[in-house]
Student: 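After the structure tokens below, expect a handful of questions from me.
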Amino acid sequence: EPEGDRPARVTFLAEDITSRHHLRTRVHEREAQLRALLEAAPVILFELDEAGVFTFAEGRGLALSGLRSGDLVGESVYERYRFRPSMTQSIGRVLAGEPASWSLKFGSREFDVMALPAYDRNGRTTGARGVAVDVTERNTARQSADAAQAKAAEDARHSADLMALLSHGLRVPLATILGFADLLEAEANDEASEAGGAISRAAGEVLETLDGFLDLSQLSALRTSKPSPIGAAGLRAALHTALAEGSAGTPATLDFDEPAHPLVLNLGLLGAVVRRLAVLASGPLMVRAEVNETHLMVRFESEGIGERLASDSLHTAYVYHAATALGADLALDGDHVVGLGVPVTLAPIVDLGPPQPASAYHAAAA
């Protein structure tokens, strides 16, 4: 206040709130992003108190399941879903301090639900937080894909059965033709012997062509099989078996650098390619296999194997068709070496470690 000739004075205090303003702006932006996510994504975010009463439930998944925003807030999960014991039991485990996940169906919609317990600073359970994801379209697509694959596998089996019947129907008369051709070849008459030889060669070519068609029909069935994980020992055994079946007594050796992790690949198609490449070996066959980050590399070395693979026949066509179905690459290195590169995926290995007591979850959450 003024004193004598001195005028009144005012003291100002100015506080820099720039950082606070920026923080508030970022919080509002995050809230807007979360709101946009909840309005667009087929999910439901929810929170429960320690008694199992909904304190928060938002997300587009509510509308998909026939609910509105706020319909669940204030309701007890035990009361509303008393006729869904799988859900109430799972919620009970979460409120007791154990994370849980389960599936739930509302009408025509299917949800995958995951919930975690919420804790206070003392490690006491104060409720639960969770998310429910609408997986209806994903499950429908997966079921459609499975059905289509099953139908393709069934069609392939029918084709293979038809080819087997055709093969049997042709082999019986061809066996008769070959028998009489042998008798003609045994005749002293040169003309009859020559005719018998011509008949035998023609019948042999028909049999070879028939075998090729039968193999290609079986390849169609192999194409419908799914890739599956296999360990190093199983892969080594499969390669050994395919080489033994294909080489048919021809000496074959396998040098295999075993991978540290299991691989995911179509073992049936791989065996078909390796088996047929081994058939092309007319002399000792040396095979080396190793796995890099993306491929199983197999090297076949035998006299003339590359030259025979480059020839035009149903047998080589089978090799190329099987390799294409496997997604593999074939490479010729001269006449004596063939390389096979098969794309693989490392099968994930998860080490869960020793079981932990319930108190460990409390400590981790705190």
Student: So, taking the atom named CG in L23 and the one named CD1 in I17, what distance separates them when rounded to the nearest 0.5 Å?
Tutor: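 Rounded to the nearest 0.5 Å, the CG-CD1 separation comes out at 12.0 Å.
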
Student: Run the side chain to side chain donor-acceptor pair (under 3.5 Å) test against R6 and tell me which residues pass, sequence neighbours left out.
Tutor: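 Here the qualifying residues are E3.
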
Student: Would you call D112 and R138 a salt bridge, taking side-chain N to carboxylate O under 4.0 Å as the test?
Tutor: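 A salt bridge links D112 with R138.
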
Student: Let me confirm one number: the CG-CG distance from L309 to L280, rounded to the nearest 0.5 Å.
Tutor: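 Reported to 0.5 Å precision, the distance equals 6.0 Å.
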
Student: Got a sec, which pairs hit side-chain hydrogen bond (donor to acceptor under 3.5 Å, both in side chains) with one end in residues 229-242, sequence neighbours left out?
Tutor: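 Sorted pair list: R236-E258.
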
Student: Going by heavy atoms in the side chains, are D134 and I44 under 4.5 Å from each other?
Tutor: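 Side-chain contact under 4.5 Å: no.
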
Student: Not counting sequence neighbours, which residues clear side-chain contact (heavy atoms from CB on, under 4.5 Å) with T18? List them please.
Tutor: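 If we apply the side-chain contact (heavy atoms from CB on, under 4.5 Å) test to T18, skipping adjacent residues, the hits are D16, H22.
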
Student: Members other than V10 in its cluster, when Ile, Leu, Val, Met, Phe, Trp, Tyr link by side-chain heavy atoms under 4.5 Å?
Tutor: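 Besides V10, the hydrophobic cluster comprises F12, listed by chain and residue number.
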
Student: Hey, quick one: are Y78 and L67 part of the same hydrophobic cluster, counting side-chain heavy atoms closer than 4.5 Å, chains of contacts allowed?
Tutor: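 Yes; L67 is reachable from Y78 via cluster members.
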
Student: Under the 3.5 angstrom rule, does the side chain of T125 hit a backbone N or O of G127 as a donor-acceptor pair?
Tutor: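 Such a contact is absent between T125 side chain and G127 backbone.
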
Student: Do the side chains of V113 and V131 get nearer than 4.5 Å, heavy atoms only?
Tutor: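 The answer is no; the side chains never approach within 4.5 Å.
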
Student: State, with a plain yes or no, whether a side-chain heavy atom of L239 is found less than 4.5 Å away from one of V287.
Tutor: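 A side-chain contact under 4.5 Å is absent here.
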
Student: Could I get the full list of salt bridge (Lys or Arg N to Asp or Glu O under 4.0 Å) partners for R308, not counting sequence neighbours?
Tutor: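 Listed in chain order: nothing, the list is empty.
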
Student: Do V344 and L254 sit in one hydrophobic cluster, given that two such residues count as connected whenever their side-chain heavy atoms are within less than 4.5 Å of each other, even indirectly?
Tutor: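 Result: yes, single cluster for both.
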
Student: R24: which residues meet the salt bridge (Lys or Arg N to Asp or Glu O under 4.0 Å) condition with it, sequence neighbours left out?
Tutor: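 Result, salt bridge (Lys or Arg N to Asp or Glu O under 4.0 Å) vs R24: none returned.
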
Student: How far does CG of L263 sit from OG1 of T345, to the nearest 0.5 angstrom?
Tutor: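 Going from the CG atom of L263 to the OG1 atom of T345 covers 8.5 Å.
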
Student: Who passes side-chain contact (heavy atoms from CB on, under 4.5 Å) against T140, sequence neighbours left out?
Tutor: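 Applying side-chain contact (heavy atoms from CB on, under 4.5 Å) to T140 gives T136, S144.
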
Student: Residues in side chain to side chain donor-acceptor pair (under 3.5 Å) with E15, at least two apart?
Tutor: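 For E15, the residues satisfying side chain to side chain donor-acceptor pair (under 3.5 Å) (neighbours in sequence not counted) are R20.
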
Student: Quick one: list whatever passes salt bridge (Lys or Arg N to Asp or Glu O under 4.0 Å) with D49, sequence neighbours left out.
Tutor: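 Partners of D49 by the salt bridge (Lys or Arg N to Asp or Glu O under 4.0 Å) criterion come out as none, since no residue qualifies.
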
Student: Under a 4.5 Å cut-off applied to non-hydrogen side-chain atoms, are L330 and L340 in contact?
Tutor: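 When only atoms from C-beta onward are counted, L340 and L330 do touch, with a gap below 4.5 Å.
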
Student: So, taking the atom named CG in D329 and the one named CE in M297, what distance separates them when rounded to the nearest 0.5 Å?
Tutor: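 Atom-to-atom, D329:CG and M297:CE are 8.0 Å apart.
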
Student: Restricting to ring pair (Phe, Tyr, Trp, His ring centres under 6.0 Å), what partner residues turn up for F54, sequence neighbours left out?
Tutor: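 Expected list: none.
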
Student: Going from CD on E58 to CD on E47, what distance comes out if it is rounded to the nearest 0.5 angstrom?
Tutor: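 So the gap between those two atoms works out to 11.0 Å.
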
Student: Given side chains that start at C-beta, do those of L285 and T253 come closer than 4.5 Å, heavy atoms only?
Tutor: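 The answer is no, as the side chains (C-beta and beyond) never meet within the 4.5 Å cut-off.
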
Student: For R93 and A100, which heavy atoms make the closest approach, and how far apart are they?
Tutor: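 Scanning both residues, the minimum pair turns out to be NH2-CB, 3.8 Å.
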
Student: Going by side-chain contact (heavy atoms from CB on, under 4.5 Å), name the residues that satisfy it together with V279, two or more places apart in sequence or in a different chain.
Tutor: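 In terms of side-chain contact (heavy atoms from CB on, under 4.5 Å), with neighbours along the sequence ignored, V279 is linked to R276, H315.
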
Student: Between V43 and R60, is the side chain to side chain contact (heavy atoms under 4.5 Å, CB included) condition met? List the steps.
Tutor: CA-CA 6 Å; V43 301; R60 182 168 172 262; over 6 Å; no

Student: Step by step, work out the side chain to side chain contact (heavy atoms under 4.5 Å, CB included) result for E75 and V53.
Tutor: CA-CA 5 Å; E75 288 202 41; V53 175; 6.0 Å; no

Student: For a quick test of reading the model, state the closest non-hydrogen atom pair linking V94 to A128 and the distance between them.
Tutor: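 Heavy atoms of V94 and A128 come nearest at CG1-CB, 3.5 Å.
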
Student: What's the verdict on salt bridge (Lys or Arg N to Asp or Glu O under 4.0 Å) for R124 and E50, showing C-alpha distance, side-chain angles and the deciding distance?
Tutor: CA-CA 10 Å; R124 188 177 65 87; E50 57 186 345; 3.0 Å; yes

Student: Any side-chain heavy atom of P99 sitting closer than 4.5 Å to one from L116?
Tutor: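 With C-beta onward as the side chain, the pair touches.
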
Student: Please say yes or no: joined through hydrophobic side-chain contacts below 4.5 Å, possibly via intermediate residues, are V77 and V73 part of one cluster?
Tutor: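 No, separate clusters.
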
Student: Between T316 and S311 (side chain of the first, backbone of the second, donor and acceptor by atom type, cut-off under 3.5 Å), is there such a pair?
Tutor: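 Looks like yes, one N/O pair under 3.5 Å.
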
Student: Run the numbers on R288 and D257 for salt bridge (Lys or Arg N to Asp or Glu O under 4.0 Å), then give the verdict.
Tutor: CA-CA 8 Å; R288 174 170 176 76; D257 286 344; 2.6 Å; yes

Student: Kindly give the heavy-atom pair with the smallest separation between A281 and T250, and that separation in Å.
Tutor: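 Looking at all heavy atoms of both residues, the shortest contact is O-OG1, 4.1 Å.
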
Student: For residues T294 and P343, determine if any side-chain heavy atom of one lies less than 4.5 Å from a side-chain heavy atom of the other.
Tutor: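 When only atoms from C-beta onward are counted, P343 and T294 do not touch, as no gap falls below 4.5 Å.
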
Student: Could you walk me through whether F300 and L243 pass side chain to side chain contact (heavy atoms under 4.5 Å, CB included), step by step?
Tutor: CA-CA 10 Å; F300 300 80; L243 288 173; 4.2 Å; yes

Student: So I91 and L48, do their side chains get closer than 4.5 Å, heavy atoms only?
Tutor: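 In contact.
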
Student: Between L270 and L296, does a side chain to side chain contact (heavy atoms under 4.5 Å, CB included) hold up when you go through it step by step?
Tutor: CA-CA 10 Å; L270 175 63; L296 166 66; 3.9 Å; yes

Student: State the CZ-CD distance between R84 and Q89, to the nearest 0.5 angstrom.
Tutor: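 That separation rounds to 13.5 Å.
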
Student: Do you know the tightest heavy-atom contact between L277 and I305?
Tutor: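 Answer, listing the atom of L277 first, then I305: O-CD1, 3.5 Å.
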
Student: Main chain of E301, side chain of H336: is a donor-acceptor contact present, judged purely on distance under 3.5 Å?
Tutor: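 It does not hold such a pair.
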
Student: Indicate yes or no for a side-chain donor-acceptor contact from S90 to the backbone of W102 under 3.5 Å, with no hydrogens or angles considered.
Tutor: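 Such a contact is absent between S90 side chain and W102 backbone.
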
Student: What do you reckon, is CD of E290 surrounded by more than 12 foreign heavy atoms closer than 6.0 Å?
Tutor: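 Atom CD in E290 is crowded, with more than 12 foreign heavy atoms closer than 6.0 Å.
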
Student: How close do A322 and L269 get, counting heavy atoms only, and between which atoms?
Tutor: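 The answer is O-CD2, 4.3 Å.
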
Student: Looking only at heavy atoms, what is the nearest atom pair of S302 and P284, with distance?
Tutor: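 The pair with the smallest heavy-atom distance is OG-O, 3.2 Å.
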
Student: Quick one: do L62 and Y81 end up in the same hydrophobic cluster if we chain Ile, Leu, Val, Met, Phe, Trp and Tyr together by side-chain heavy atoms under 4.5 Å apart?
Tutor: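 Yes, L62 and Y81 fall within the same hydrophobic cluster.
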
Student: Sequence neighbours left out, what passes side-chain contact (heavy atoms from CB on, under 4.5 Å) with I199? Give chain and number order.
Tutor: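 If we apply the side-chain contact (heavy atoms from CB on, under 4.5 Å) test to I199, skipping adjacent residues, the hits are I177, A181, L184.
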
Student: Kindly work out whether a path of hydrophobic side-chain contacts (I/L/V/M/F/W/Y, heavy atoms less than 4.5 Å apart) joins M286 to V338.
Tutor: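 No, because M286 and V338 fall into different hydrophobic clusters, even though each may have its own neighbours under 4.5 Å.
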
